[in-house]
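Note sheet for the following structure.
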There are 2 protein chains.
Amino acid sequence: MSTTEPVATDSTSDSTAGSASGSKKLRPERTNATKQRLFEASMELIGERGAAGVTVDEIAAAAGVSKGTVYYNFGSKSDLIAQLLRHGVDIMLARLQAIEGQTNDPLESMTNMVDQAMVFMDKYPSFARLWVSENWRMPGEWSSVFTELRAELLAVIGAAVERVAAGYQVDTSIARGSLEAAIFGAIFVVGLDRQTYNPERSREQCVAAVMTIMHGYVIK
Amino acid sequence: MSTTEPVATDSTSDSTAGSASGSKKLRPERTNATKQRLFEASMELIGERGAAGVTVDEIAAAAGVSKGTVYYNFGSKSDLIAQLLRHGVDIMLARLQAIEGQTNDPLESMTNMVDQAMVFMDKYPSFARLWVSENWRMPGEWSSVFTELRAELLAVIGAAVERVAAGYQVDTSIARGSLEAAIFGAIFVVGLDRQTYNPERSREQCVAAVMTIMHGYVIK
DNA sequence: CTATTTGAACTGACCAGTCAGTTCAGTTAG
DNA sequence: CTAACTGAACTGACTGGTCAGTTCAAATAG
């Protein structure tokens with residue numbers, strides 16, 4: 001009965017060095033490390049096979065943790081996924097916002113953002129898959145989460161487009177919202193296609209294709 | 001071992017209902033009608049809740065048919081979905097190909113195609129959801145199906161882009177493949193966003209936003 | 001007569017969520 | 001210094017339920 005293995009908790013807890021801990025209350029090292037590993041494991045699995053196609057047991061096993069731990073750290077599978085989405089968007093937002101104000105040229109700034117989005121998709125290949133497979137389900141389990149996160153992402157893109165519109169003469173007959181959606185869609189689909197079907201395509205090439213939208217928006 | 005051999009619909013499924021013209025093998029009306037209803041029911045349900053989130057019993061009930069009938073007409077749930085994807089793409093392809101040669105102006109032709117894609121998404125709102133939620137899964141249950149269908153759709157878009165490139169001066173530094181993916185992605189995401197989050201957006205507005213890509217491709 | 005459909009029973013696998021028990025890094029008490 | 005204690009973190013067997021796929025005898029349509 002008591003043959004429970006030492007489990008190699010190992011205390012090799014990465015020190016969360018410098019990682020900007022959120023506004024959360026200070027939590028024990030172990031828990032954060034565990035959550036982190038659960039995020040990584042579930043991102044990978046869910047990105048590949050979809051939220052419904054992955055079991056909590058698999059996630060736990062991949063994270064080197066027991067099933068109970070998943071339910072200790074998250075209330076439910078659904079909760080885990082909601083937090084996973086939030087986690088990924090937070091990372092992406094941080095990267096995009098770091099670009100703002102790096103350059104004075106709005107178009108160059110935009111290019112850098114699209115490029116950064118591609119870099120993000122290289123680093124977290126599964127996030128975009130999770131995003132596109134669960135978004136647009138109505139009414140979906142995470143509708144409210146998506147509505148919120150989508151607004152946050154579009155706000156950043158929207159601000160960048162706004163700066164372009166302020167600095168250049170643009171085609172005012174194009175609706176801003178639809179344009180943002182088009183950019184967003186092009187980024188995700190071009191990125192996913194590169195990952196899945198055309199890994200030989202270079203990042204610059206993909207960025208250039210997406211930026212074609214902005215070149216069409218600006219009146220030359 | 002099944003007692004009654006399920007009808008191997010094979011690759012050529014007569015998708016258009018109503019015309020009794022020359023089906024090679026004699027197939028009673030009933031079968032086609034049943035298949036049609038199963039397609040409609042499963043498109044609806046799977047589009048909303050995902051392939052894994054819908055049960056065969058539900059599909060059968062929604063189609064007003066028994067579970068046994070599903071397995072008589074299709075060998076498995078997986079098979080049903082594969083044929084469903086093929087069915088949807090066939091419809092979309094037919095609509096897009098009907099545009100080709102309608103106009104002499106390649107850009108106008110392109111606009112009409114994008115518009116037609118939006119009309120298609122209005123009529124079959126669930127198809128795009130199914131497409132984006134199951135595509136890009138590697139290795140997925142329907143990888144080979146997607147590879148094939150994707151190539152067929154991209155061929156049509158590619159031909160349209162080719163005609164633009166032949167009729168106008170275009171930015172040759174843009175890779176054709178990435179550009180096609182960007183167009184494809186913009187269409188799907190703009191369309192889905194309209195359905196799901198912004199139903200007030202007009203179709204023209206959405207088409208115009210997508211066409212911004214082409215305006216950026218053409219050198220003015 | 002044959003192809004198709006029905007409906008219900010059945011199997012075997014799979015799975016989300018629970019809970020009583022275990023571990024262990026501290027903390028306090030002697 | 002060390003023994004007792006604490007409680008957060010973790011464990012994994014177990015439960016109650018679901019579902020894909022099978023089978024088949026009987027009904028129905030062409």
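In what follows, chains are A, B, ... by sequence order, proteins preceding strands, each numbered from 1.
- The interatomic distance linking K77(A) (NZ) with dG17(C) (P) rounds to 8 Å, in whole Å.
- In this structure, F146(A) and W131(A) have side chains that are in contact, with non-hydrogen atoms separated by less than 4.5 Å.
- With ring centers used as reference points, F127(B) lies 6.0 Å or more from F188(B).
- Close to dC10(D), at under 4.0 Å from its OP1 or OP2, lies a side-chain N or O of N73(A).
- The stretch residues 39-48 of chain A has no heavy atom under 4.0 angstrom from DNA chain C at all.
- A sub-4.0 Å separation between OP1 or OP2 of dT5(C) and a side-chain N or O of T34(B) is present.
- Dashed line: the shortest gap from a side-chain N or O of T69(B) to OP1 or OP2 of dT5(C) is not under 4.0 Å.
- Dashed line: the shortest gap from a side-chain N or O of S66(B) to OP1 or OP2 of dG7(C) is not under 4.0 Å.
- Within 4.0 Å of V54(A), counting heavy atoms only, lie sugar-phosphate atoms of the nucleic acid but no base atom.
- Using a 4.0 Å cut-off between a side-chain N of Lys or Arg and a carboxylate O of Asp or Glu, R86(A) and E152(A) qualify as a salt bridge.
- Base engagement by K67(A) is indicated by at least one non-hydrogen atom pair under 4.0 Å involving a base atom.
- When the P atom of dG17(C) is taken as reference, atom OH of Y72(A) falls 19 Å away, rounded to whole Å.
- The distance between atom OH of Y71(A) and atom P of dC14(D), rounded to the nearest whole Å, is 18 Å.
- A straight line from NZ of K35(B) to C1' of dA3(C) spans 14 Å, rounded to a whole angstrom.
- If you take CG of D79(B) and P of dA20(D), they are 15 Å apart, rounded to a whole angstrom.
- The distance from the CZ atom of R95(B) to the CG atom of N112(B) is 14.0 Å, given to the nearest 0.5 Å.
- The interatomic distance linking D57(B) (CG) with dA9(C) (P) rounds to 13 Å, in whole Å.
- Applying the salt bridge (Lys or Arg N to Asp or Glu O under 4.0 Å) definition to pairs two or more places apart or across chains, those involving residues 38-49 of chain A are R49(A)-E58(A).
- When rounded to the nearest whole Å, the span between CG of N32(A) and C1' of dA8(D) equals 13 Å.
- The distance from atom CZ of F74(A) to atom P of dT18(C) is 16 Å, rounded to the nearest whole Å.
- At a threshold of 4.5 Å between non-hydrogen side-chain atoms, the residues M110(B) and M211(B) count as touching.
- Comparing E58(A) and G75(A) by the nucleotide of DNA chain C that holds the closest heavy atom to each, the one mapping nearer the 5' end is E58(A).
- Applying the 4.0 Å criterion to OP1 and OP2 of dA16(C), one finds that S76(A) has every side-chain N and O outside that range.
- With rounding to the nearest 0.5 Å, the separation of CG in L96(B) from CD in Q116(B) is 7.0 Å.
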